[in-house]
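Below is one structure, written out as C-alpha cells; comments come after it.
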Amino acid sequence: MKLRVKFSKHGALKFIGHLDVMRYFQKAIRRAGIDIAYTTGFSPHQIMSFAAPLGVGLESNGEYMDIEVNSLTSSKEFVDALNAQMAEGIQILEVCLLPDNAGNAMASVAAAKYSIAFRDGYKPEFVNNISVNAFFAQPEIMVTKQTKKSEATFDMKPYIYELEYDEASEILSMTVDASSAGNIKPSLVVKALYDFNNYPFDDFALLITREETYTNTGNEENIDLKPLGCIGSDY
Amino acid sequence: MRKLALSDDILLKIEKPARYIGNEINSVVKSKNDISVRFAMCFPDVYEIGMSHLGIQILYDMFNRFEDTWCERVYSPWPDLDKIMHEKNIPLFALESQEPVKDFDFLGITIQYEMCYTNILQILDLSQIPLTASERTWDDPIVIGGGPCSYNPEPIADFFDIFYIGEGETQYRPLLDLYKKCRSQNLSREEFLTEAAKLPGMYVPQFYEVKYNADNTIKSFTPTKDGIPSTILKEIVTDVTNTYYPEKPVVPFIKCTQDRVVLEIQRGCIRGCRFCQAGQLYRPVRERDVDMLKDYAVKMLDNTGYEEISLSSLSSSDYSKLEELVNFLIDKCNEKKVNISLPSLRIDAFSLDVMEKVQDIKKSSLTFAPEAGSQRLRNVINKGLTEEVILKGATLAFEGGWNRVKLYFMLGLPTETEEDIRGIAELSNKIAVAYYETVPKENRKGKVQIVASTSFFIPKPFTPFQWAPQCTKEQFLEKAYMTKKAVMEQLNQKSIKYNWHEADASVMEGILARGDRRLCKPILMAYKKGCIFDAWGEYYKHDVWLETFEECGIDTSFYTTRERSLDEIFPWDFIDCGVSKEFLKKEWQNALNEQVTKNCKQQCNACGAARFNCGICTEPRTNVAVLSQNEVL
C-alpha cells in the first residue's frame with residue numbers, strides 16, 4: 001500500500017539539503033514505529049521516494065514523499081505519530097492512501113507554485129504590479145540555462161503558468177513547470193524579470209517558499225494542475 | 001522559532017550550514033530560568049568528527065540529567081566560517097541556545113589527539129575568552145580539559161584552568177557543587193580553583209611549578225600552594241553498568257563519521273600491547289553487564305531511528321558475553337532491519353560466522369592488525385598475534401568467500417631491523433599465497449586484494465615505550481621506502497597494495513605527545529601564525545611549525561629522537577594513571593628482551609591498577625593453559 005505524505009519545511013531546517021532530509025525521514029519513520037516496507041536483498045532499504053528536491057535555503061508548504069507500508073492505521077494516527085518525531089521546522093500536513101495504479105511521486109510532478117518575498121532592504125523599486133504584468137505579457141521570454149555541460153538558450157514563457165505580484169503583501173507568486181523534463185527554478189524567472197528591467201540580480205535578495213507541488217490531471221494541451229495529494233484518499 | 005547565531009547570508013555562503021544550526025533530534029533545550037550552571041561541551045574539531053565521539057554523548061547525557069545544569073555542544077567552525085567570524089567579530093556560540101560560549105559557566109574541551117591543540121586556541125579565540133588561564137576573570141568561563149591527551153597536559157597547560165584526569169562520570173557533580181558554592185559566597189576565581197585542585201582527579205596547572213636541569217630535563221615538579229596534591233590519581237568508574245549512558249543520543253541531520261548507535265561494551269583492555277596508550281590508561285578492563293547492553297541497544301535504536309549499531313571497545317573479542325550479545329543483536333536487528341558493525345574483532349570461526357550473518361561479504365574486507373612484520377618484533381611490542389593465527393584466520397575467511405584483506409603495521413618500533421620490515425611484505429605475500437592455495441581457480445573472482453598500511457610509531461606517555469627514541473623524518477621515510485621495495489619483490493606483488501602515512505605530521509605528533517610546558521609558547525605562536533586544523537592534511541603547515549620552534553629556541557629532537565634515561569622525571573609523572581612507573585620500566589625491559597607478558601585474563605602482572613579494586617582485578621583468573629591455546633589477536 002502506497003501513502004503520499006505532505007509536509008512543510010521552515011526555519012533552520014531550510015539549511016538541510018535534500019539527501020539529508022531523506023535520511024532524516026528514514027530515521028523519523030523508524031522512531032514513529034511506522035510499518036514501512038523494505039526492499040529485499042542483503043541491505044534492505046525503506047521504500048520511499050520524494051516528489052521534487054527542494055534546494056538549500058528554500059522553505060516549503062508543499063513537499064511530498066511516497067512511502068510503501070505493510071499495514072495501515074488511519075490518516076490521523078499516521079500524521080500524529082510522525083509529527084511526534086519531527087524536529088522544529090518540519091511538520092507533517094496530511095497523508096493519503098494512493099490508488100494501486102498511481103504513478104510515483106517524482107514522475108507525477110508537473111508544476112510547483114512559489115511565493116517569493118524580498119529580504120528587508122532588497123526589494124528593487126521597479127518591482128510592482130505593472131512591471132511584472134508587462135514582463136509576463138511578452139510573447140516570449142528568452143533565457144540562458146546553465147546545464148552541467150553547456151549553456152542552452154530557450155523560451156521560458158510556455159513553462160510559466162502563472163505570475164503575479166501582490167502589492168499589499170509585496171509577494172511575487174508564480175506557478176512554473178517542475179517536471180523532470182522542464183523544471184524551472186523560480187530564481188531564473190526572477191532573474192529574467194530583473195534583466196528585463198536592467199537591474200542587477202542577486203539571488204540572496206529572495207526568500208522563496210514552495211507553496212504547492214502539482215500533478216497534471218488534464219493532458220498536454222489542456223493542463224489541469226491539482227495538488228499532488230489530490231489523487232489519494234483519506235483512510 | 002529559535003533565532004540562529006549566524007545570519008542567512010553567512011549560512012548560505014558557507015559549506016554545510018547544518019553544522020551550526022543545532023536543533024537535532026534528542027538535543028536538549030532547557031529554560032535558562034530553571035538552571036544555575038551552563039556547561040559548554042566542546043570537541044575541538046569539525047562537527048562531523050565531534051558528533052561521532054562517544055565520550056561527549058555520555059557526558060552530555062549526564063550533565064543534562066542534572067536538574068540544575070544545561071549542557072550544550074560546541075565544535076570547531078570550519079576555516080570558511082572561522083574567517084567570517086573573525087572578520088565580523090561574531091562570538092563562538094553553543095549549538096542548542098545559539099548563545100555565546102563566553103557567557104557560560106564552564107567550557108569543557110575534550111582532547112582526543114595532539115594535533116587538535118591549535119583548534120583549542122581557535123575555540124578560545126573565537127569565543128573571545130583570553131587564551132591563557134592567567135588572563136581570565138570571573139567574566140570568563142572556567143576552561144576545563146579532559147580526554148586522553150590530558151594525561152600529558154603540559155604542552156597546553158597555560159590554556160586551561162583545570163584538567164580533569166580520568167573518566168568524567170565521577171567528579172563533575174562535586175565540581176559543579178563547589179562552583180555553585182563559591183559563586184554564591186562571592187569567592188574569587190582563585191579561591192574556587194584552589195578548592196577545585198583539592199578534588200580527586202583535578203589538576204590546576206597554575207598552582208604547580210616546574211624547575212629544569214641544565215640538560216633541559218625536569219628537575220622538580222611541585223605544587224605552589226598548601227593542601228594541593230603533588231600527585232593526581234586518575235578518576236575511574238568502578239561500576240560501568242550502573243552509571244550514566246545515553247538512552248537518547250543526539251541524532252545529527254548531516255552524515256557524520258560515526259552515523260550509528262554506539263554501544264560501549266567495556267572499558268579498558270586486557271592485552272597490554274606496549275605501544276598502546278589506551279591499553280594502559282584505561283586499566284583495569286571493566287565489562288558492562290550484558291543485560292544492560294541489550295536493554296540500551298533496543299532503547300537507543302528506538303529513540304534514534306538509526307539503521308546501524310556498532311559495538312565499541314578496545315578489543316571486542318575479549319568481552320566475555322560477546323556471543324550472547326551478538327546473537328541477541330542479530331535477532332533484534334533482523335526484526336528491525338538494522339545493520340550491525342563489529343570493529344576490533346579477532347578473526348576466527350565465531351567472528352566469521354557472525355560477519356557472514358551481518359555483513360555483505362562481497363563488500364566487506366577482513367582486518368588484521370599484526371602491527372609488526374616479524375614474530376620477534378611482535379614479541380617486543382607484546383602483540384600476541386602469530387603468523388600461524390593470521391594465516392589460519394585468512395584461510396577460513398577465503399573459504400567463506402572473502403577476498404579482501406587489510407593489514408595494519410607500524411614502522412619505527414623500538415629495535416626494528418630491516419628483516420622486521422621485510423616481514424611486512426613477506427606476511428602480505430603469504431596471505432596471498434594462502435588465498436591461491438585455498439580457493440580453486442574456478443571459484444576465484446579476480447585477484448585477492450591485500451592492502452598493507454603502515455603508520456609511523458610515536459612513543460606515548462604511560463606506555464612502556466615512553467623511554468624510547470622516536471625516528472627522524474628521514475628514518476621514517478627510508479623505512480617506508482624499504483617496505484615498498486620489499487613488497488615489489490614479492491611473487492604476488494600485484495595482489496598487494498601498500499600505503500604509508502605522512503611523516504611530517506607523525507614527527508609533529510611526537511613532539512607534542514611527550515612535550516612539556518615550554519611548548520605552550522610555540523603552540524600559541526603557531527596558532528597566531530594561522531595554524532589550525534593540523535589534523536587535516538590540507539591545512540597542516542609543517543614549515544610554519546618548524547619555523548616557530550626555531551624562533552622559540554626549541555630543539556625538537558629533545559622531545560622526539562632523544563633516548564631518555566630510566567631515572568628521568570617526565571612532564572606527566574605527577575599523574576598517576578593507576579599503572580606504576582615501575583611496571584612500565586619492567587615492561588620496557590621485557591620489550592628489549594623480546595619477552596611476552598601475559599594478558600590480564602591469564603594472570604595478574606601487578607601493574608598497579610588493582611588498587612581501583614574493580615573489573616578484571618577483582619575476578620579470579622581463568623585457567624592459563626586453556627586460554628593460551630585459543631590465544632589469538
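Remember, it's a predicted structure, so these values are computed and weren't measured experimentally. To find a chain, count down the sequence lines: A is the first, B the second, and so on, and within it residues start at 1.
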Using a 3.5 Å cut-off and no angle test, enumerate the donor-acceptor pairs between side-chain atoms of residues 326-333 of chain B and protein atoms at least two apart in sequence or in another chain.
from	atom 1	to	atom 2	distance (Å)
Asn327(B)	ND2	Glu323(B)	O	3.2

Under 4.5 Å to a heavy atom of chain A? For Leu4(B) that would be side chain

For residues 17-38 of chain A against chain B, heavy atoms under 4.5 Å, the residues are Asp20(A), Arg23(A), Tyr24(A), Gln26(A), Lys27(A), Arg30(A), Arg31(A), Tyr38(A)

Centroid-to-centroid, Phe126(A) to Tyr194(A), below 6.0 Å?
-> yes

Of the listed Thr304(B), Asn339(B), Ile21(B), the one with the largest count of heavy-atom pairs under 4.5 Å with chain A is Thr304(B)

Bottom line for Asp9(B): the part with an atom under 4.5 Å from chain A's heavy atoms is both

- Are Glu72(B) and Phe93(B) side-chain neighbours, meaning at least one heavy-atom pair lies under 4.5 Å? no

One option among Leu301(B), Ile254(B), Asp302(B) has the most heavy-atom pairs under 4.5 Å with chain A, and it is Ile254(B)

Salt bridge between Arg73(B) and Glu96(B), side-chain N to carboxylate O under 4.0 Å?
yes

Residues pairing under salt bridge (charged side-chain N to carboxylate O under 4.0 Å, His left out) where one sits in residues 76-86 of chain B, two or more places apart or in two chains, turn out to be Lys83(B)-Glu87(B)

Honestly, the part of Ile25(B) sitting under 4.5 Å from a heavy atom of chain A is side chain

Under 3.5 Å, is there a donor on one side chain and an acceptor on the other for Glu94(A) and Tyr64(A)?
no

Would you say the rings of Trp78(B) and Tyr47(B) are close, in the sense that their centroids are separated by under 6.0 Å? no

Residues Pro79(B) and Phe533(B): closest non-hydrogen pair is CD-CE1, 3.5 Å

Do the side-chain N and O atoms of Ser115(A) and Glu211(A) include a donor-acceptor pair separated by under 3.5 angstrom? yes

Less than 4.0 Å between a side-chain N and a carboxylate O, is that true for Lys337(B) and Glu307(B)?
no

Interatomic distance, OG@Ser131(A) vs CG@Asn197(A), rounded to 0.5 Å, equals 5.5 Å

Turns out that what part of Asn303(B) lies under 4.5 Å from chain A's heavy atoms comes down to backbone

One option among Val56(A), Ile16(A), Leu207(A) has the most heavy-atom pairs under 4.5 Å with chain B, and it is Ile16(A)

Under a 4.5 Å heavy-atom criterion, the part of residues 256-264 of chain B in contact with chain A comprises Asp259(B)

Could you walk me through whether Glu212(A) and Lys113(A) pass the salt bridge (Lys or Arg N to Asp or Glu O under 4.0 Å) check? CA-CA 5 Å; Glu212(A) 186 56 271; Lys113(A) 181 178 183 173; over 6 Å; no

Flag side-chain contact, heavy atom, 4.5 Å: Arg210(A) against Glu63(A): yes

Turns out that what part of Gln85(A) lies under 4.5 Å from chain B's heavy atoms comes down to backbone

